[in-house]
Amino acid sequence: MPGSGLVLGRARRERLQVGESETVGPYTLLRLERGSLDPGIPGQFFMLEAPGRVLPRPMSLCQAPPGELAFLIEPVGPGTRALCALEERDAIHVLGPLGNGFDLDVERPLLVAGGIGIAPMPYLSDALGSPPAILGFRSERHAEAAVLLTDAEVVVEPRLVTELLPEDPGDVLACGPEPMLEAIRALVPRTQLAWEAPMACGYGACYGCVVEVDGHYERLCIAGPVLREAA
Amino acid sequence: MPGSGLVLGRARRERLQVGESETVGPYTLLRLERGSLDPGIPGQFFMLEAPGRVLPRPMSLCQAPPGELAFLIEPVGPGTRALCALEERDAIHVLGPLGNGFDLDVERPLLVAGGIGIAPMPYLSDALGSPPAILGFRSERHAEAAVLLTDAEVVVEPRLVTELLPEDPGDVLACGPEPMLEAIRALVPRTQLAWEAPMACGYGACYGCVVEVDGHYERLCIAGPVLREAA
Amino acid sequence: MTVPILNASGCLDALVAPEVARSLDAFVTKTVTPLPREGNPPPRIAETEHGMLNSIGLQNPGVDGFLEHHLPKLASLEVPIWVSVGGFSAGDFAQVCSALDSCDDVATVELNLSCPNVEEAPETSAELVAAARGATSKVLYAKLSPATSDVAESARAVADAGADGLSLVNTIRGLQLDADTLRPQIANGPGGYSGPALRPIALACVYACAAAVDLPIVGMGGVTCGRDALDLVSAGASAVALGTLLFSDPEAPARVRAELEAEVRRRGQGFAAGLRGAAHGSTMSRPASAE
Amino acid sequence: MTVPILNASGCLDALVAPEVARSLDAFVTKTVTPLPREGNPPPRIAETEHGMLNSIGLQNPGVDGFLEHHLPKLASLEVPIWVSVGGFSAGDFAQVCSALDSCDDVATVELNLSCPNVEEAPETSAELVAAARGATSKVLYAKLSPATSDVAESARAVADAGADGLSLVNTIRGLQLDADTLRPQIANGPGGYSGPALRPIALACVYACAAAVDLPIVGMGGVTCGRDALDLVSAGASAVALGTLLFSDPEAPARVRAELEAEVRRRGQGFAAGLRGAAHGSTMSRPASAE
Ligand SMILES: Cc1cc2nc3c(=O)[nH]c(=O)nc-3n(C[C@H](O)[C@H](O)[C@H](O)COP(=O)(O)OP(=O)(O)OC[C@H]3O[C@@H](n4cnc5c(N)ncnc54)[C@H](O)[C@@H]3O)c2cc1C
Ligand SMILES: Cc1cc2nc3c(=O)[nH]c(=O)nc-3n(C[C@H](O)[C@H](O)[C@H](O)COP(=O)(O)OP(=O)(O)OC[C@H]3O[C@@H](n4cnc5c(N)ncnc54)[C@H](O)[C@@H]3O)c2cc1C
Ligand SMILES: Cc1cc2nc3c(=O)[nH]c(=O)nc-3n(C[C@H](O)[C@H](O)[C@H](O)COP(=O)(O)O)c2cc1C
Ligand SMILES: Cc1cc2nc3c(=O)[nH]c(=O)nc-3n(C[C@H](O)[C@H](O)[C@H](O)COP(=O)(O)O)c2cc1C
Ligand code: FES
Ligand code: FES
């Protein structure tokens, strides 16, 4: 059945209606009715149809209120702009949940996010009982998105999240720009880092999203997006 | 200046706002504010931007109320459907008037139109003081468009407009499907027939719209669309 | 008539998406080369306004890895398997083909003669087909590039060299620059252009080849719906493959099949019989079905 | 730097739209052949989803008619005139070039080596260029097709044969079927595909040729705005031509020029100097300006 079949294990594809969108600083919180989709594990992502574009766009689940899936989207190009322009009662195809999320079996979680890397954190924080969090943004306006997490410490550039890392940070669960993730990886022994790569399919079909893992190119959409490291 | 320059002699190109559209049977009467465009001579046409399409679409001017240009459009494909879907306050680029219209210096004009060939007739009828007219349509629903002309004789298929032609029809000014125009040409000595051809540019640039005239391919957009014949 | 719906090579991994593979009439593997390949550095893909670019660079486990680790699992899907074969010389093609020759699980071999993202073999397409033909008795499809001044000529050449069918078309080279840096968005620079923008080009190639040779044709390039599939069949394809479309819609095989059937039904019984090659009127020789 | 904006051959008639021609930095004629040609039967054009097809078939008055009736009027526009030259053999190219050689009003000769809608000459592009080179001392641009597996190779060949510049690219063959009849929408079947869908293909050709030869390049193919022009220049073009865009917007030359200038300004002074070839980083040899 077009638009309602079961594919790719737990992932399903369905046409979902858009509910009320909100702006959160420069971002848009896009609310979709959940349909029969499973919200998945924090850190997993969905492929969202971007109206008028050839390829869908990967988006981490931000919040999972009953009956809804909510995505926090930064308009950086044609696809994200099309998603941010969606209006109530529009409908888009959504496929997911996809990829590997965060392993929630951690003793002392510390959430760290930079910029739009905050997207998966609200859902992750809920799942972990609101652990401490450090958020970094490039402007006060971007930092408005901190309202999505309770009790987070917030830094704004030129200050960096790494400056706030405690001496013994425990298990760092992080999402953000590559330089931030690299810096954390260099400083923290046990991490779960959510990486990004351009993705065409999100389900292992195109080999477009590879990242180097142990000297080999692995598809981030199925090997990640969350990669664990334990030094 | 983009969108407001003078080009191609009397033709101008401007971005015009859409006013209220009406449906007339299966057709849409698209009203545009006139801007600084000249309505031109009946039988001339304009190139209308068809949103989302690569090429504009040629449309005969149907009515020229003060401050407006009105086009009667039959939705037959992607371009005309996009034009019929325009909403009030949308805006499209329009270039015109283009081509050669009807020669109004005729003694006993008789207007003949088939289907969407009625489009140029209201403006032409106004210019000629409401001469007699014969209209043919392929269904009663299409025939609703006859309200656009006062006092026209109307036939619906299987009857054909040629059945109503008087013995001495005078000067026939006609627009309609090719078979109708061919039939009129065979029956009537003095005609002005408005032909159609797929057009990419409408101003002689592409050589796409040629028709055979006296054994040569002539560009209909600049040699026509109205071609005179006197036997 | 039924029109088999396949995936385009490199556009589906049956092992991570077995349900999608099972919705196809045959599964085509990503191109297999003699040795394992890591492929090209990322970023490897970029969306364009009306299509996409890729420069994957034939990442694959090599023929030994494929035979040992992949083929047995693919076989268990119970979908006919087409193996796409690539290489950098006639010897490469012959080597992979002879390794596949004895595998009962391989239904068809598709020769990727036209990847725009790796060095070309020095031999002509016909020479590569001849080398493959000498190495296997499997059904051999030759996959051609649209980037040639006379694709019908290429079709005749590979037909003469022993191809049993054609796959039309591969991607064509394209480039996109980053808005800020004005450097290529893909690490390697240009990539293979696929998707809707390619559709009229693909259709012209199928049309030209169907008139030139009497072989079954898998048509592909920018298919998004049943009407696009219908066009390819009318132009002379006997089967249709979905590529870029699968990235946005893994359920496309069932949908396109249903839409195509509806298109044919709407046109009536008599139409279905003469569907293949309908665009040619009476000028085309009508080859037998693909399967 | 200023980037000259031209029309693409066959996409503007300066005599019926002189204001448009005057808004260009040079006007390129429709292709002129030795003898007059009526061109192909209509319908000759079809819009596709992301571009258009044409099969005009080089309708033109022949070189004698052109010289007698058109050139004098074109000259009065006071815009540099490029004459596009076509033919069906090396002799044809030589004949038209030698007829143009003594015309002071002709600034440049562009050799149309790549029309997809007429029979090809039996000679290679390089042989056609050599024939033209022997017949005229005018500046000679060779216009190449994107339908080749290695356009850089073609570029090197025509450069060696005496071309002074390249025009990249011509259309590529495409097909579209009528929704009802499933027959080709264009009378002759396939047509040349142009417009936005062609843009990444054109960009890749310019990029490859700019790296291969040290010649000025007129870039074209799907340009719709200043950003598209900027991309072509970054890839290595020294001038930009507008084709299909002129059909929907005869005011495009001024607009694209203004948008391009704005794009360059936004990127700052230092950028403008290194603009041509910026996409290549430091790997490209930077040829002199086109004019
Ligand atoms: C697993 C995953 C989860 C994501 N979750 C979110 C989210 O919750 N919210 C959100 O706003 N964004 C998220 N992103 C990023 C988002 O998918 C991209 O911003 C989007 O695809 C860009 O599309 P575009 O058409 O708007 O811009 P494009 O024009 O495609 O890109 C704009 C710029 O971003 C770069 N870019 C594009 N895609 C990526 C990418 N995936 N990684 C890094 N750089 C890229 C381009 O090179 C370009 O410079 C996620 C990405 C991944 C891989
Ligand atoms: C001078 C002129 C004036 C016109 N005036 C009007 C008008 O006032 N109102 C109106 O509704 N239409 C008018 N037309 C026709 C209108 O331009 C076409 O219907 C329109 O371009 C079709 O575009 P589309 O994308 O909707 O359909 P397409 O998909 O382009 O075409 C649908 C069908 O119509 C055929 N077709 C397309 N264009 C033409 C054409 N120009 N002539 C003949 N067949 C064609 C196609 O082959 C196809 O079968 C005029 C045409 C010309 C040349
Ligand atoms: C990401 C990607 C990877 C591809 N890999 C291969 C490949 O390994 N071998 C091959 O023959 N074709 C490959 N192709 C080409 C496709 O099989 C197909 O010929 C092309 O994409 C046109 O079809 P489409 O427009 O439907 O995508 C690939 C295409 C894409 C988009
Ligand atoms: C209707 C039409 C007619 C053309 N005629 C010619 C021609 O006579 N000679 C030529 O060299 N190119 C011709 N071309 C090709 C264009 O010059 C140009 O190379 C091509 O259209 C790509 O540019 P575009 O995408 O901007 O249109 C023609 C193109 C079109 C659309
Ligand atoms: S996005 Fe296609 S394989 Fe990962
Ligand atoms: S429509 Fe372009 S020349 Fe007539």
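Reminder, nothing fancy here: chain letters follow the sequence lines and each chain counts from 1.
Residue D:F247 comes nearest to B:Y203 through the heavy atom pair O-CE2, 4.2 Å, listed as atom of the first residue, atom of the second, then distance. For the pair D:R44 and B:G208, the tightest heavy-atom approach, listed with the atom from each and the gap, is CB-O, 3.8 Å. The heavy-atom pair separating B:Y217 from D:E38 by the smallest distance is N-OE1, 2.9 Å. The two residues D:T244 and B:V54 come nearest to each other via the heavy atoms CG2-CG1, 4.0 Å.
Heavy atoms closer than 4.5 Å to chain B are found nowhere in D:P18, neither backbone nor side chain. Contacts of D:T48 with chain B are made by backbone atoms alone, with heavy-atom separations under 4.5 Å and no side-chain atom involved. Contacts between B:R53 and chain D at a heavy-atom distance below 4.5 Å involve backbone atoms as well as side-chain atoms. The contact between D:N40 and chain B is made entirely by backbone atoms, counting heavy-atom distances below 4.5 Å. If you measure heavy-atom distances from B:A197 to chain D, you find no contacts under 4.5 Å at all. Contacts of B:L55 with chain D are made by both backbone and side-chain atoms, with heavy-atom separations under 4.5 Å. Heavy-atom distances place the side chain of D:I56, and not its backbone, under 4.5 Å from chain B.
D:N54 places none of its side-chain heavy atoms less than 4.5 Å from the side chain of B:C206.
When the candidates D:A14, D:P41, D:S55, D:S23 are compared by the number of heavy-atom contacts under 4.5 Å with chain B, D:P41 comes out ahead. Among B:G202, B:C201, B:C209, B:G79, the residue making the largest number of heavy-atom pairs under 4.5 Å with chain D is B:C201. Of the listed residues (B:E49, B:R219, B:E212), the greatest number of heavy-atom pairs within a distance under 4.5 Å of chain D belongs to B:R219.
More than 12 non-hydrogen atoms from other residues, nucleotides or ligands lie less than 6.0 angstrom from CD of B:E88. Counting non-hydrogen atoms of neighbouring residues, nucleotides and ligands closer than 6.0 angstrom, the CZ atom of D:R266 exceeds 12 such neighbours.
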Next item on the list: Step by step, work out the side chain to side chain contact (heavy atoms under 4.5 Å, CB included) result for B:R57 and D:E47.
Entry: CA-CA 11 Å; B:R57 296 296 191 274; D:E47 190 195 54; 2.7 Å; yes
